[in-house]
Student: 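My questions will all concern the structure given below.
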Amino acid sequence: QDVLIEDVSLLQEYKKEEDLLKKLPLHEFDLLKGYQVVFVPGIFTNQYGGLSKFLHRWGAPLPKGHTQPFYDQQDWFKKIGIDFDVPYVLGEMGPQFNADRIADALLKHDKKIIFLTHSKGGIDLLYFFILYPELRERAVGWLSFQTPFYGSPLIDCVVKCPIIGK
């Protein structure tokens, strides 16, 4: 029961934050219109969308965009006219592979870039900064959520697992 109460409380807090954002005057965000926001999702996010579509076909009551990374943020950016992109990265691939995908995506835009990354997406972006110093200069901001800069015990366990790691 404690978890349920905490979840309800958390949902109520989220709703309050969402309501607060709706009350902010949109001109407060006009500065962002001069930038390209680039979302870089983390590991396994490519599988979520397929799973969501599968479950939805079978009648699962999933909210729209429930398993799409950064869905709410992208939806909000569309509504207020902020340009954004989501490079086609594969979270299960190495960071160099994804750094190349990020570079390819940036070549499509001329604006300065603000990055929003989640989990392994932050590691992928860090590799991008190292491998592409000429493009790195276009970055003016980076917000990183839950990026395992010092490693991840879960992934360490998977890699060292006698069955999987061999």
Student: May I ask you to test the Val37-Leu116 pair for a side-chain heavy-atom distance under 4.5 Å?
Tutor: yes

Student: What's the shortest heavy-atom distance between Gly42 and Ser119, and which atoms?
Tutor: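 The pair with the smallest heavy-atom distance is CA-CB, 4.2 Å.
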
Student: Less than 4.5 Å apart, side chain to side chain, heavy atoms only: is that true for His118 and Val40?
Tutor: no

Student: Just wondering, are more than 12 heavy atoms of other shown residues or ligands nearer than 6.0 Å to CZ in Phe77?
Tutor: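 Enclosed.
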
Student: In chain order, what residues pass the side-chain hydrogen bond (donor to acceptor under 3.5 Å, both in side chains) check against Lys112, with sequence neighbours excluded?
Tutor: none

Student: Which pairs pass salt bridge (Lys or Arg N to Asp or Glu O under 4.0 Å) with one or both residues in residues 122-141, sequence neighbours excluded?
Tutor: Lys120-Asp124

Student: Give the cluster check for Ile113 versus Leu107: same hydrophobic cluster or not, with ILVMFWY residues linked at side-chain heavy-atom distances below 4.5 Å.
Tutor: yes

Student: Please identify each residue that fulfils ring-ring contact (aromatic ring centres under 6.0 Å, His included) with Tyr132, with sequence neighbours left out.
Tutor: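 Tyr132: ring-ring contact (aromatic ring centres under 6.0 Å, His included) contacts with Phe128.
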
Student: State which residues pass side chain to side chain contact (heavy atoms under 4.5 Å, CB included) with Gln73; sequence neighbours excluded, sorted by chain then number.
Tutor: Phe39, Phe70

Student: Working to the nearest 0.5 Å, report the span between CD1 of Ile130 and CD of Gln96.
Tutor: 10.5 Å

Student: Tell me, do Tyr35 and Phe84 make a side-chain contact under 4.5 Å, heavy atoms counted?
Tutor: no

Student: Nearest 0.5 Å please: distance from the CD atom of Gln36 over to the CD1 atom of Ile82.
Tutor: 10.5 Å

Student: Using side chain to side chain contact (heavy atoms under 4.5 Å, CB included) as the criterion, list what pairs up with Phe149, not counting sequence neighbours.
Tutor: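 For Phe149 the side chain to side chain contact (heavy atoms under 4.5 Å, CB included) partners, ignoring immediate neighbours, are Ile123, Leu126, Trp142, Ser144, Thr147.
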
Student: Is there a donor-acceptor pair under 3.5 Å between the side chain of Lys111 and the backbone N or O of Lys33?
Tutor: yes

Student: Any side-chain heavy-atom pair from Phe115 and Leu143 closer than 4.5 angstrom?
Tutor: no

Student: With no hydrogens and no angle check, is any side-chain donor or acceptor of Asp85 less than 3.5 Å from a backbone partner on Val38?
Tutor: no

Student: Not counting sequence neighbours, which residues clear side chain to side chain contact (heavy atoms under 4.5 Å, CB included) with Ser152? List them please.
Tutor: Pro148, Leu154, Ile155

Student: Where do Pro41 and Val86 come nearest, in terms of heavy atoms and distance?
Tutor: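 Of all heavy-atom pairs spanning Pro41 and Val86, the closest is CD-CG1, 4.1 Å.
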
